[in-house]
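Note sheet for the following structure.
In this chain, numbering begins with 1 at the start of the sequence shown. Computation of the quantities below employed the complete heavy-atom set of this structure, encompassing side-chain atoms and omitting hydrogens, waters and symmetry-equivalent molecules.
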Amino acid sequence: RQLDFSFFNLTSPSVAMDGRHAVVVDYHYSSLDSLEFLYVVFYTLIGGDWVRTAVFVKDCDVGEESWEALHVVALSDEHAMIGFPGFLNNTGVVYVYEYEERINLWVENDEIVLEDGGKTSQFGSTLNLDGDLVLIGASDDDGGVVFVFQYDGSSWVQDGLLDMPPDDETGGERIAIFGNLIAMRSSESVDIYNYGSDGSLTSLQEPIPLSNDDGWYGGLRLTEEHLVYAVGNGVVSFCGRSLLRGCTKVPVFDFVIYHRPNATEPFAFIRKLSMSSEENGFGGGFSLEGDIMAVGDVMGNVHLLKFQN
């Protein structure tokens, strides 16, 4: 299925879904007057149709064109988070939204920033949310670190730290979580671990090798049966309908898909999914929910793809 978000003039939006909720995020930059802002658009599945239920517009300050201004989105249960690592000279911020059941609306609840004296940067460059647990990545002098936050019923409290694979300057997300499963991407492989209650990591299978020809990366997502990562496949030029938008280059991505039939089997390669052309292609920010994958394209559409055996 394809959803049309062209009303917002989005280019390559990032998408997250969980059950009956979806959130679509895109960064806008006008080269004419240097206006910068984020669109955050929430949808709810009502009577078989996706209905727009909330729209937030946030001012930004990154001074980059859209494909350089990475935004990462995650949604789980009644929590949603938007990572914007380029905010405030690459300091980074994570915006927090909560669904208020009594009023049937998403509300902006908080923002998470680090106050560590500049030891880290690009906070929010990796963002994976599962229930009341979230992993938020940042860069440091040793390559990277993952901050573990737990929701205590009213706020998000830091609960631990994990070392992240070294930054190989290929961009994209390098860690994903689903329950007690964690996937970590380095420059050479994707490793699958069991995440223990004490914060320990236990390897579950042989590393999944990556090709040196893959170039740069986008999102990384994990479920009980599927592992998917986005890999760059060129750029396309996009000229928005708004006079303030101007033209910009937007990266397009393929998706490398792995599957395992049950928890005792390793993840194995299935296929590479592509929609690249001179005018359109998939964006790198996507979501996995059960057998459904949601991903935006350069023209501002959101595609819902279903895995079939």
Under 3.5 Å donor-acceptor, [X] side chain and [Y] backbone:
{"X": "Gln205", "Y": "Phe267", "result": "yes"}
{"X": "Asp77", "Y": "His79", "result": "no"}
{"X": "Arg260", "Y": "Glu224", "result": "yes"}
{"X": "Asp18", "Y": "His21", "result": "no"}
{"X": "Ser186", "Y": "Glu188", "result": "yes"}
{"X": "Asn128", "Y": "Ile175", "result": "yes"}
{"X": "Thr126", "Y": "Arg174", "result": "yes"}

| said: Can you list, by chain and residue number, the hydrophobic cluster partners of Val51 when the side-chain cut-off is 4.5 Å? | reply: Ile46
As an exercise, state the distance from [atom1] of [X] to [atom2] of [Y], rounded to the nearest 0.5 Å.
{"X": "His259", "Y": "Arg271", "atom1": "NE2", "atom2": "CZ", "result": "14.0 Å"}
{"X": "Leu133", "Y": "Tyr151", "atom1": "CG", "atom2": "OH", "result": "14.0 Å"}
{"X": "Ile177", "Y": "Leu220", "atom1": "CD1", "atom2": "CG", "result": "12.0 Å"}
{"X": "His303", "Y": "Phe286", "atom1": "NE2", "atom2": "CZ", "result": "14.5 Å"}
{"X": "Glu98", "Y": "Ser154", "atom1": "CD", "atom2": "OG", "result": "10.0 Å"}
{"X": "Trp156", "Y": "Met81", "atom1": "CH2", "atom2": "CE", "result": "4.0 Å"}

Considering all heavy atoms of both residues, which atom of [X] and which atom of [Y] are nearest to each other, and what is their separation?
{"X": "Phe253", "Y": "Gly218", "answer": "CE2-N, 3.5 Å"}
{"X": "Leu304", "Y": "Ala294", "answer": "CD2-CB, 3.7 Å"}
{"X": "Asp191", "Y": "Ser189", "answer": "OD2-OG, 3.1 Å"}
{"X": "Val73", "Y": "Arg221", "answer": "O-NH2, 3.1 Å"}
{"X": "Ser287", "Y": "Ala16", "answer": "CB-CA, 3.3 Å"}
{"X": "Leu105", "Y": "Thr53", "answer": "CD2-O, 3.4 Å"}

| query | Ion pair present between Glu101 and Arg20, side-chain N to carboxylate O less than 4.0 angstrom? | reply | yes
| task | Apply the test side chain to side chain contact (heavy atoms under 4.5 Å, CB included) to residues Val256 and Leu210: give CA-CA distance (whole Å), side-chain angles for both, the deciding distance (0.1 Å), then the verdict. | result | CA-CA 10 Å; Val256 183; Leu210 298 177; over 6 Å; no
| Hey, are the side chains of Leu135 and Phe149 touching, using non-hydrogen atoms and a 4.5 Å cut-off? | no
| Min side-chain heavy-atom separation Val25-Phe84 under 4.5 Å | no
| Pair Leu114-Phe147, side chain to side chain contact (heavy atoms under 4.5 Å, CB included): steps then yes or no | CA-CA 10 Å; Leu114 287 183; Phe147 296 86; 3.4 Å; yes
| query | When clusters are formed by joining ILVMFWY residues with side-chain heavy atoms under 4.5 Å apart, either directly or through shared neighbours, do Val55 and Tyr43 land in the same one? | reply | yes
| said: Quick check: is Val94 connected to Val107 through a chain of hydrophobic side chains (ILVMFWY, heavy atoms under 4.5 Å apart)? | reply: no
| request: Just jot down the ring-ring contact (aromatic ring centres under 6.0 Å, His included) partners of Tyr195, sequence neighbours excluded, or say none. | output: none
| request: Go through the structure and list residues passing ring-ring contact (aromatic ring centres under 6.0 Å, His included) with Tyr97, not counting sequence neighbours. | output: Phe42, Phe56
| Going by the salt bridge (charged side-chain N to carboxylate O under 4.0 Å, His left out) test, which pairs reach into residues 120-138, not counting sequence neighbours? | none
| task | Determine, step by step, whether Trp106 and Val23 satisfy the side chain to side chain contact (heavy atoms under 4.5 Å, CB included) criterion, reporting the C-alpha distance in whole Å, the side-chain angles of both residues, the deciding distance to 0.1 Å, and the verdict. | result | CA-CA 10 Å; Trp106 284 91; Val23 57; over 6 Å; no
| What residues form a side chain to side chain donor-acceptor pair (under 3.5 Å) with Asp110, not counting sequence neighbours? | none
| message | Among residues at least two apart in sequence or on other chains, which ones pass side chain to side chain donor-acceptor pair (under 3.5 Å) with Tyr258? | response | none
| message | Using the rule given for side chain to side chain contact (heavy atoms under 4.5 Å, CB included), can you reason through Trp50 versus Val24, listing the C-alpha separation, both sets of side-chain angles and the distance that settles it, and then say yes or no? | response | CA-CA 12 Å; Trp50 289 97; Val24 182; over 6 Å; no
| Can Thr202 and Asn194 be counted as having a side-chain donor-acceptor contact under 3.5 angstrom? | no
| Within 45° cone of Tyr229 ring axis and under 6.0 Å: Arg185 NZ or CZ | no
